[in-house]
Number of protein chains: 2
Amino acid sequence: MDDPDAKKKASGMRSAERLLVVLRALNIRNGATVLELNRDTGISRQAIYRILETLQNFGYVRRQDATDRFHLTHLVRRLSAGFKDEEWITDIAAPVLERLVKEVVWPTELAVFSDNAMYIRESTRWRSPFTIDRVTVGQRLPMVASASGRAYLAYCSENERKTILDNLSASEDPFDRLVHRKGYVERALEETRSRGWATGDESFRLHPKTETLAVPILVAGEARAVLPLTYIASAVTAEQIAERHLTQLQSAAREIGTKVQMMQSRDDVANMDAEITPLREAG
Amino acid sequence: MDDPDAKKKASGMRSAERLLVVLRALNIRNGATVLELNRDTGISRQAIYRILETLQNFGYVRRQDATDRFHLTHLVRRLSAGFKDEEWITDIAAPVLERLVKEVVWPTELAVFSDNAMYIRESTRWRSPFTIDRVTVGQRLPMVASASGRAYLAYCSENERKTILDNLSASEDPFDRLVHRKGYVERALEETRSRGWATGDESFRLHPKTETLAVPILVAGEARAVLPLTYIASAVTAEQIAERHLTQLQSAAREIGTKVQMMQSRDDVANMDAEITPLREAG
DNA sequence: TTTTATTGTCCGTTCGACGGACACGATAGT
DNA sequence: ACTATCGTGTCCGTCGAACGGACAATAAAA
């Protein structure tokens with residue numbers, strides 16, 4: 001009875017919500033009058049004045065003198081410039097991983113390449129009952145010794161692989177120095193490609209009892225990230241995991257890859273589904 | 001007396017302001033816990049919860065499951081993607097023009113190149129007592145006939161000039177067709193470069209009584225925009241205007257140019273002067 | 001002149017934001 | 001085990017900020 005509109009939000013701050021709505025409206029129709037914003041958003045004129053004044057205090061909006069239009073300023077970039085392009089994939093992967101952990105009981109992660117190593121960016125470890133180690137987001141994984149690194153190297157572009165291996169040859173990290181072992185990298189990548197998934201070197205273990213298996217996430221045919229699965233070595237073998245879950249892993253990887261590709265191919269992320277949700281009608 | 005804190009803002013909505021502060025804080029330290037945000041911004045924890053919930057409802061923020069950190073999502077781009085790169089220069093020029101109109105009584109404008117013509121993007125006409133026409137923001141100015149177009153063509157890069165003139169040769173616009181007149185463009189540009197400022201063809205007048213004189217705004221040595229000044233032809237000549245105000249015009253143009261250049265050379269607009277202004281201390 | 005459309009501001013009411021207080025869990029030190 | 005410390009999460013009574021109706025002012029249209 002107290003909820004006439006069915007889709008009432010759990011909570012959230014009213015005035016702040018409306019500021020976001022106005023800010024979004026200004027992004028869709030940059031250069032708008034108060035009345036236009038009133039019509040676009042359904043927020044009362046008086047409230048639009050208050051909101052615009054607030055935005056002006058922060059310098060995010062300026063008023064064009066001649067006309068009575070309000071424009072965004074370059075400072076609005078501050079509201080989103082902290083979000084790096086590289087994080088897209090993590091952002092998109094998160095919900096997919098969440099679903100994946102329900103099908104595959106073992107914990108899975110998302111790892112991306114950065115600074116000549118793979119880094120875990122998202123994890124479902126805490127959701128899996130089989131998690132025993134404490135590896136967390138931010139964990140570094142060496143390129144040639146870890147399953148994630150190998151999956152990436154095996155499926156990234158030829159040029160990228162060469163550059164990475166070149167960089168690694170100067171590294172002091174003991175696991176990185178494996179690149180100098182004759183034929184080591186070639187064998188590992190060959191094996192990875194023939195199976196479609198990678199394992200890590202037995203000398204590299206984040207936890208003594210666990211092992212990891214990883215599949216690549218391809219965007220436009222090249223690896224942009226990897227999807228590792230960690231299991232308890234005494235319970236199952238890598239082959240058993242692959243037999244049971246490889247299809248699911250690869251399907252999740254493909255879903256993430258295509259979603260990222262779709263995003264990147266859009267010219268303008270902002271104006272997709274450009275309608276604003278009017279809050280309520282007001283005068 | 002009713003203003004105890006000396007720097008109290010005129011008004012603005014409290015909760016919405018604090019949401020903006022938190023959003024900005026998240027951009028500076030992407031991936032933050034509630035407590036970190038509390039410390040960074042000085043906003044109480046309870047309020048941070050409310051704010052983050054609001055941002056989550058809009059999808060601008062998601063919570064990384066494993067850790068207790070909040071991250072921006074790709075949707076935050078919607079809050080600034082409506083601001084085009086091309087608008088930077090307008091944004092930066094606006095305050096400079098405002099000052100300029102106080103020194104030079106005649107109305108000045110900012111015009112940028114777009115779609116094979118110049119377009120007025122900012123104007124101080126309404127501020128000048130000498131304004132008689134009703135030309136407004138958005139007005140199109142042809143490239144070879146208008147003062148603004150000539151100033152741009154004379155000082156843009158060689159390649160850009162060639163491309164523009166090529167495009168114009170196919171245009172149906174009568175003023176654009178002047179490009180076909182033998183030696184016309186060359187003479188106009190030569191004259192412009194020798195003086196440092198441009199005038200329009202006498203056949204092109206937005207208003208029968210006014211004429212225009214324009215100087216280029218250079219960024220990295222090439223024209224990115226122009227700064228036209230409109231005067232009443234019966235009152236003064238172009239030469240008189242130039243004699244009196246050319247220094248001021250060029251100095252304003254230089255100021256805009258260097259500011260834009262400074263902006264563009266920054267890697268990250270968001271993190272410049274990265275301190276957040278804590279609102280007040282709270283628990 | 002009247003009508004319509006739009007901008008701008010005032011002000012009394014109300015409801016949403018506020019933060020103190022408390023519960024809980026995890027980790028560290030003794 | 002006990003205590004201390006730190007961090008997360010939630011409840012709830014109070015209070016002031018946000019709300020929008022109402023009105024003034026201006027300009028253009030009928």
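Atom set for the values below is all heavy atoms of this structure, side chains included, hydrogens, waters and symmetry mates excluded. Lettering follows sequence order; numbering is per chain, from 1.
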Atom [atom1] of [X] and atom [atom2] of [N]: how far apart are they, to the nearest Å?
X	N	atom1	atom2	answer
B/Arg50	D/dG9	CZ	P	15 Å
A/Gln56	C/dG8	CD	P	11 Å
A/Ile48	C/dT6	CD1	P	15 Å
A/Leu37	C/dT7	CG	C1'	13 Å
A/Glu53	C/dT9	CD	C1'	12 Å
B/Arg45	D/dT10	CZ	P	11 Å
A/Met13	D/dA17	CE	P	15 Å
A/Leu19	D/dA17	CG	P	17 Å

Query raised in the report: Between the side-chain atoms of B/Gln46 and the base atoms of D/dG9, is any donor-acceptor pair under 3.5 Å?
Result: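 In this structure, the two groups form no donor-acceptor pair.
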Query raised in the report: With respect to the phosphate group of D/dG7, does any side-chain polar atom (N or O) of B/Thr33 fall under 4.0 Å of OP1 or OP2?
Result: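 For D/dG7, OP1/OP2 do not have a side-chain N/O of B/Thr33 under 4.0 Å.
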Query raised in the report: Can a side chain N or O of A/Arg14 be found less than 4.0 Å away from OP1 or OP2 on C/dC18?
Result: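 For A/Arg14, the contact criterion (side-chain N or O under 4.0 Å from OP1 or OP2 of C/dC18) is not met.
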Counting side-chain heavy atoms from CB outward, which of [options] is closest to [X]?
X	options	result
B/Ser44	C/dC18, C/dG19, D/dG7	C/dG19
B/Tyr49	D/dA22, C/dG19, D/dG9	D/dG9
A/Leu35	D/dG7, C/dT7, C/dG20	C/dT7
A/Asp68	D/dG9, D/dC11, C/dG8	C/dG8
B/Ala47	C/dT7, C/dC18, D/dG20	C/dC18

Query raised in the report: Taking for each residue the nucleotide of DNA chain C bearing the nearest heavy atom, is the 5' side occupied by A/Ala16 or by A/Glu36?
Result: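 The residue mapped nearer the 5' terminus is A/Glu36.
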**Report entry** Residue mapping more 5' on DNA chain C - nearest nucleotide basis, B/Ile51 or A/Phe70
**Finding:**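 It is A/Phe70 whose nearest nucleotide is closer to the 5' end.
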Report task. Check B/Arg62, B/Arg69, B/Arg63 against A/Glu122 for a salt bridge (Lys or Arg N to Asp or Glu O under 4.0 Å) and give me the one that passes. Result ->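 Running salt bridge (Lys or Arg N to Asp or Glu O under 4.0 Å) over B/Arg62, B/Arg69, B/Arg63 with A/Glu122 returns exactly one hit, B/Arg62.
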Query raised in the report: Are the side chain of A/Ser146 and the backbone of A/Gly200 linked by a donor-acceptor contact shorter than 3.5 Å?
Result: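 No.
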Query raised in the report: Has the side chain of A/Thr73 got a donor or acceptor atom that lies under 3.5 Å from a matching backbone atom of A/Gly59?
Result: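 A pair under 3.5 Å: yes.
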Query - Whether B/His74 and A/Phe83 hold their rings parallel, tilted or perpendicular, with breakpoints at 30° and 60° - result: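 Aromatic pair B/His74/A/Phe83 classed tilted.
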Query raised in the report: Does the distance from a Lys or Arg side-chain N to an Asp or Glu carboxylate O, for B/Glu103 and B/Arg99, drop under 4.0 Å?
Result: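 So B/Glu103 does not pair with B/Arg99 through a salt bridge.
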**Report entry** Touch class at under 4.0 angstrom, heavy-atom based, for B/Arg63 against every strand present
**Finding:**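 Sugar-phosphate contact only.
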